[in-house]
Structures are given as structure tokens and as C-alpha cells.
Amino acid sequence: IIPPPLDAASFAPRAADGAPLALADGPASVLLHAEDAAMRDLRQVHLIHSELHEQLGEQGFAVGPGQMGENITTRGIDILGLPTNAVLHLGATAAIRVTGLRNPCGQLNGLQAGLMKACITQDGAGNVTERRAGVMAVVVSGGEVRPGDAIVVELPDGSAEPLRPV
């Protein structure tokens, strides 16, 4: 996947023609394309759990699917608790491999003041102890992902490595 350009007004990914990309709970579908392994980085696809949008809403933030830069919005899966290299099967043929936690950045504050801080938890010394801004993944196999498609989680073999920021 080549990341689409961002819309400065909403921080949402946009297609080359300026149209918003569809999300898991949006009105259309997303096409995922596998790239040559040498072209991959760890941040091809950004997923956020819709439960985060709800939590942020309870804190007074008005954010919805796609506004925080995610390509896919999930529901009912503890994506932050997945191990590194878990594979998510989306739709009939698409699959992505989870590579790590999204590290919230200051661009979130451009969407709404204080949003970045709302996506992290810090200890008394100011060290980040939890990141809640979703996970990053790479495409394993391409395919069309439609709103409402089931997501099947395939855990990696062997010992599970916790997600780290990427």
C-alpha cells in the first residue's frame, strides 16, 4: 500500500482524487494491495478500534472513523492486546500482519486540542505507559475489504511478543 495523502482539515487519509477512503464502518470498500517485501515498512495500514472513538467522545472529543488517520476501524477486537505478527484476515482474501502500536503524535492536536494526550497514559514521571491510538500493520495478501466484513485473528506460532510503538 502506498499511503494516501492526508486531508489537512480532517487528518483523514484521502484517495489520489481527493475522495475519502472507505473504512470498516463507512459506506464503501477499501482495496488492499500487497507490495514487494523490499518496499514494505511497518506502517502501511493503520487500524483504530471504534471503542476508542467512544471513549474519546466521553471525554468531550468529537472524532469518528477515519478522522485520526486510520484506514480501517474495528469493533469488538482488542487490537491493542494483539501480539506482534498476529495476522488479521479481512473480507474474502485480504490479510494484514500487525507490526506495532501507533505512536500518537502532535498532528492529533491539529484535529482537536489535547487529543494526543487523550490517546496516551503517563506515569507520575511523565513516561508513556499506554498508547491507545491503534495499531499499524503491513499487507500480507491483497483484497477488497467492505464495511461489516468479519475480521478473523490468526495468532502467531510460538511465544507472543507484545506490541511496541512503530
Report summary line: Here the pair of heavy atoms bringing V98 nearest to A137 is CA-CB, 4.0 Å
Query raised in the report: Which residues pass the side-chain contact (heavy atoms from CB on, under 4.5 Å) test with P162, sequence neighbours left out?
Result: R164
Requested in this report: Drop me the distance from Q112's CD to L56's CG, to the nearest 0.5 angstrom.
Outcome: 8.5 Å
Requested in this report: Return the minimal non-hydrogen interatomic distance between D149 and G91, and the atom names on each side.
Outcome: OD2-CA, 3.2 Å
Report summary line: CE of M116 to CG of L111, rounded to nearest 0.5 Å, is 14.0 Å
Query raised in the report: So do the side chains of V139 and V45 get within less than 4.5 Å of each other, counting heavy atoms only?
Result: yes
Query raised in the report: Which atom names give the shortest non-hydrogen contact between N85 and R97, and what distance separates them?
Result: OD1-NH1, 2.7 Å
Requested in this report: Over all heavy atoms of both residues, which pair between G114 and N109 is shortest? Give the atoms and the distance, please.
Outcome: N-OD1, 3.2 Å
Query raised in the report: Which pairs count as side chain to side chain donor-acceptor pair (under 3.5 Å) when at least one residue sits in residues 126-137, sequence neighbours excluded?
Result: N103-R131, T121-E130, T121-R132, D123-N127, E130-R132
Report summary line: Sorted by chain and residue number, the side-chain contact (heavy atoms from CB on, under 4.5 Å) partners of A113 (sequence neighbours excluded) come out as none
Query - Heavy-atom side-chain proximity of L88 to L47 below 4.5 angstrom - result: yes
Requested in this report: Hey, could you give me the OG/CD1 distance between S141 and I96, rounded to the nearest 0.5 Å?
Outcome: 10.0 Å
Sequence neighbours excluded and cut-off under 3.5 Å, please list the side-chain donor-acceptor pairs for residues 151-161, or say none.
{"from": "E154", "atom 1": "OE1", "to": "H89", "atom 2": "NE2", "distance (Å)": "2.7"}

Query raised in the report: Can you check whether L115 reaches V63 side chain to side chain, under 4.5 Å on heavy atoms?
Result: yes
Query raised in the report: Are L163 and V135 close enough that some pair of their side-chain heavy atoms sits under 4.5 Å apart?
Result: yes
Requested in this report: Please name the residue in the list H49, E54, H53 that meets the side-chain contact (heavy atoms from CB on, under 4.5 Å) test with R75.
Outcome: E54
Requested in this report: Flag the pair R102 / M68 as yes when at least one side-chain heavy-atom distance between them is below 4.5 Å, and no otherwise.
Outcome: yes
**Report entry** Minimum heavy-atom distance P65-T73, with the two atoms named
**Finding:** CB-OG1, 3.6 Å
**Report entry** Side-chain heavy-atom pair I72, L90 within 4.5 angstrom cut-off
**Finding:** yes
Report task. Give a yes or no answer on whether the side chain of T93 reaches the backbone of G142 with a donor-acceptor pair at less than 3.5 Å. Result -> yes
Query - Residue list, side-chain contact (heavy atoms from CB on, under 4.5 Å) with D78, at least two apart or on another chain - result: L80
Query - Shortest non-hydrogen separation from F61 to A118 and the atoms involved - result: CE1-CB, 3.5 Å
Query raised in the report: How does the hydrophobic cluster around V128 look, that is, which other residues are in it when side-chain heavy atoms under 4.5 Å mark a link?
Result: I120
Query raised in the report: Is the shortest heavy-atom distance from the side chain of I48 to the side chain of T74 under 4.5 Å?
Result: no
